[in-house]
Structures are given as C-alpha cells and as structure tokens.
Amino acid sequence: MSEVKVSKNHNSTQPSKNKNTALLQRNRDPMRRLKLTLGFLVAILFILPIIWMLFVSVKPNGFSTTNPLDWFMPPFTFDNYTNLLFESLILRWVFNSFIVALITTILTLIITSLAAFAISQMKFRYKKFIFIFFLLGLMIPGEATIIPLYEIVKNLNMIDTYAGLILPMITSSLGVIILKSFFDGVPKEVVESAIIDGCSSFKLFYKIVLPLAKPALAAIAIFTFIGSWNNFLWPYLSILSEQLYTLPVGIPVFNSTYSQAYVLPMTANAIASIPVIIVFLIFKKQIVKGISFTGIKG
C-alpha cells in the first residue's frame, strides 16, 4: 500500500515539474520580451492595412477626406456591400477562383503523387534522368513558359475556358521532388512485405505509401491552392470574357473604373479578402505545419 501511495504522489508531482521546467526554459531567454515586442509591432504593421481597408469599405460611396483619422469615424454603411454583391460580378469571380483553385489542387496532388511514386519506388530506365528534368524545372521561371503554354492552349481551342485555366497549372516540379524524397523514406521492409503478400503497384501506392505521406500532401495542397488563388498572369492572358475572370484579374479591372475613388474599390477588395481571411483562420495550424514541413529535409 505504501508503494502505491508513493507512485501516486510521484505521478502527481510530474506535471508540476514539467510546468516548472517549461517556465525555466522561457525565463532563460533574455531576449524573449524584445522578441515578443518586435513580433507584436510587426503584426500591427501587417494588419493595419487590412483594418484600414475594412473601415474604408463601410464608408458612404463617394466619401472623401484629407484627414486619415476620418476614415475610422462615423458615418458607416453596408450599402456598398449589398450593391456590389448583387449588381457586379464579384461573387462570380469568387466562385471562379474557388473552383479553379480546388480542381487545380486536386489534379496536382494526383499527378505529382503518381509521378513521385513511380520515380521513387518503381524500376525503369532513365529514372534518374527524368528526375533531373524535374530538378531543372525549378530553375526555369514560370514566365518563360507562358508563350509556349499560350500557343498550345490556343491550338487546342481552350482559350477562354475553365480547361484552359486549369490544365496548364496542374504540374508541379516542387511537389514531385517533395513527395519523392518523402516516399524514399518509406521503410523498404514494408514495401517488400507488401509485394510478397501479392500487393500490386497501385494498391501499394494508395493503401500503404500514400497514407504515410499525408503531411507532405497537405503542404503541397495548401501552397497549390494559394498559388492558384493568387495567380494573375495566366488567367489574364487566357481569359477574355468577364464571366470567367478570377479575382486577381477581376478586381484590378473593377478598380480601374474607379481610379479616383476609394470606397467602392476597397469594398471590392474586402469582399475578395474576407474568404481568404476566414480560410486562414480555420486552417492556420495546417498552413503553419505545411510551411515548417517544407523547410525540413527528409
């Protein structure tokens, strides 16, 4: 009985010891307060334009002032939001951006994961030579491939279509390299035992190797979605009708018609930014993990 009491007391004191060690580690950093202060100031610096944009977006249409503080003072109205949502194509542009980014992300994950699995786990000729091509793809800027891509899409009659927006953007050399390095880390014993048990290459891919690569897939998905959502150059060149504009193309076109005004362009920018802010607040942990994952070797 005494031994049981001693073990219980030992377990009860363990969390307090962990808390004390964590506090000691925090107090050991003499620059902690300075780092927190600088981080707070930098955060304010980045968030201040967003706050200003939101305040300007709820001002009456045509409001103008020479005093910056007046933007943060009444009167406020939400008529700009209702007018733009029902009388402009902004909701259509949001839908286009979301659909294009979603389909691009899904197709990119499928293609890059299959290519990385083939290069990592399958045996065929010129495998290393093909992988070198993917490495060289990182050295070529995307702008250098715009003219060939445009000619191909034009010859396939896909200009001003969803297919023309999505298909040229579904390849990712970086995704193949990240997944290939991740697949290389799968234990050979697991792969060999699965092959001995009669597992085909495709079953080995989606039942064994792919579930182990969830962190890498999440990182690639996050950056592919963000890159597609923010892509401007290719949609600007390949889309002609306003009905198919994405947000990065539609918002500058809309703002150009109100070059001397502040309120309506800021309202349009706020409508375009609010979905992204909401998505970031929901998936911020996954985004941070994805950024940290891409910086870890292996």
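Keep in mind that the numbers below use all heavy atoms, side chains included, and drop hydrogens, waters and symmetry copies. As the structure is a computational prediction, the values presented were derived from the model and not from experiment. This chain uses plain numbering: 1 for the first residue, then up along the sequence.
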[Y] backbone acceptor or donor facing [X] side chain under 3.5 Å:
X      : Y      : answer
Lys203 : Ala194 : no
Thr77  : Val58  : no
Ser97  : Leu247 : yes
Asn80  : Leu264 : no
Lys154 : Ser238 : no

Exceeds 12 heavy-atom contacts within 6.0 angstrom, atom [atom1] of [X]:
X      : atom1 : result
Phe78  : CZ    : no
Phe72  : CZ    : yes
Phe76  : CZ    : yes
Ile147 : CD1   : no
Lys127 : NZ    : yes
Leu48  : CG    : yes

Flag yes if [X] and [Y] sit in one hydrophobic cluster, no otherwise; membership is Ile, Leu, Val, Met, Phe, Trp, Tyr, and two members link when side-chain heavy atoms are under 4.5 Å apart.
X      : Y      : result
Ile44  : Ile50  : no
Phe202 : Phe183 : yes
Leu149 : Leu136 : no
Leu54  : Met73  : no
Phe86  : Leu91  : yes

**OP:** I would like to know whether Tyr81 and Ser57 meet side chain to side chain donor-acceptor pair (under 3.5 Å); could you show each step before the answer?
**Re:** CA-CA 8 Å; Tyr81 283 89; Ser57 67; 2.6 Å; yes
Could you check if a side-chain atom of [X] sits within less than 4.5 angstrom of a side-chain atom of [Y], using non-hydrogen atoms only?
X      : Y      : answer
Gln121 : Phe205 : no
Ile146 : Leu237 : yes
Leu167 : Val153 : no
Asn231 : Thr246 : no
Met169 : Ser228 : no
Phe223 : Ile178 : no
Leu109 : Thr224 : no
Ile177 : Phe131 : yes

List the atom of [X], the atom of [Y], and the distance in Å for their closest heavy-atom pair.
X      : Y      : answer
Val263 : Pro60  : CG2-O, 3.5 Å
Leu240 : Asp160 : N-OD1, 3.0 Å
Glu242 : Trp93  : O-NE1, 2.9 Å
Phe232 : Pro252 : CE1-CG, 4.4 Å
Ser173 : Gly137 : OG-CA, 3.9 Å
Arg92  : Gln243 : NE-O, 3.2 Å

Point-to-point distance, once rounded to the nearest 0.5 Å, from [atom1] of [X] to [atom2] of [Y]:
X      : Y      : atom1 : atom2 : value
Ile99  : Phe95  : CD1   : CZ    : 4.0 Å
Ile166 : Trp234 : CD1   : CH2   : 12.5 Å
Asn96  : Ile239 : CG    : CD1   : 8.0 Å
Ile111 : Ile106 : CD1   : CD1   : 12.0 Å
Leu38  : Leu45  : CG    : CG    : 12.0 Å
Ser201 : Ile195 : OG    : CD1   : 7.0 Å

Original post:
What class does the angle between the rings of Phe225 and Phe98 fall in, given that below 30° is parallel, 30 to 60° is tilted and above 60° is perpendicular?
Top reply: perpendicular
**OP:** Kindly determine whether Asp79 and Asn61 satisfy side chain to side chain contact (heavy atoms under 4.5 Å, CB included), including the steps that lead there.
**Re:** CA-CA 8 Å; Asp79 292 340; Asn61 186 20; over 6 Å; no
**OP:** Let me see the working for Leu89 and Tyr245 under side chain to side chain contact (heavy atoms under 4.5 Å, CB included), right down to the final yes or no.
**Re:** CA-CA 9 Å; Leu89 295 174; Tyr245 278 173; over 6 Å; no
**OP:** Evaluate the criterion side chain to side chain contact (heavy atoms under 4.5 Å, CB included) for residue pair Leu84 and Phe254; output intermediate values, then yes/no.
**Re:** CA-CA 11 Å; Leu84 286 180; Phe254 178 85; 3.3 Å; yes
Subject >> Result of checking Val176, Val186, Leu204, Leu179 against Phe117 for side-chain contact (heavy atoms from CB on, under 4.5 Å) >> reply: Leu204
Original post:
Does Lys180 make a cation-pi contact with Phe134, if we ask for NZ or CZ under 6.0 Å from the ring centre and within 45° of the axis?
Top reply: no
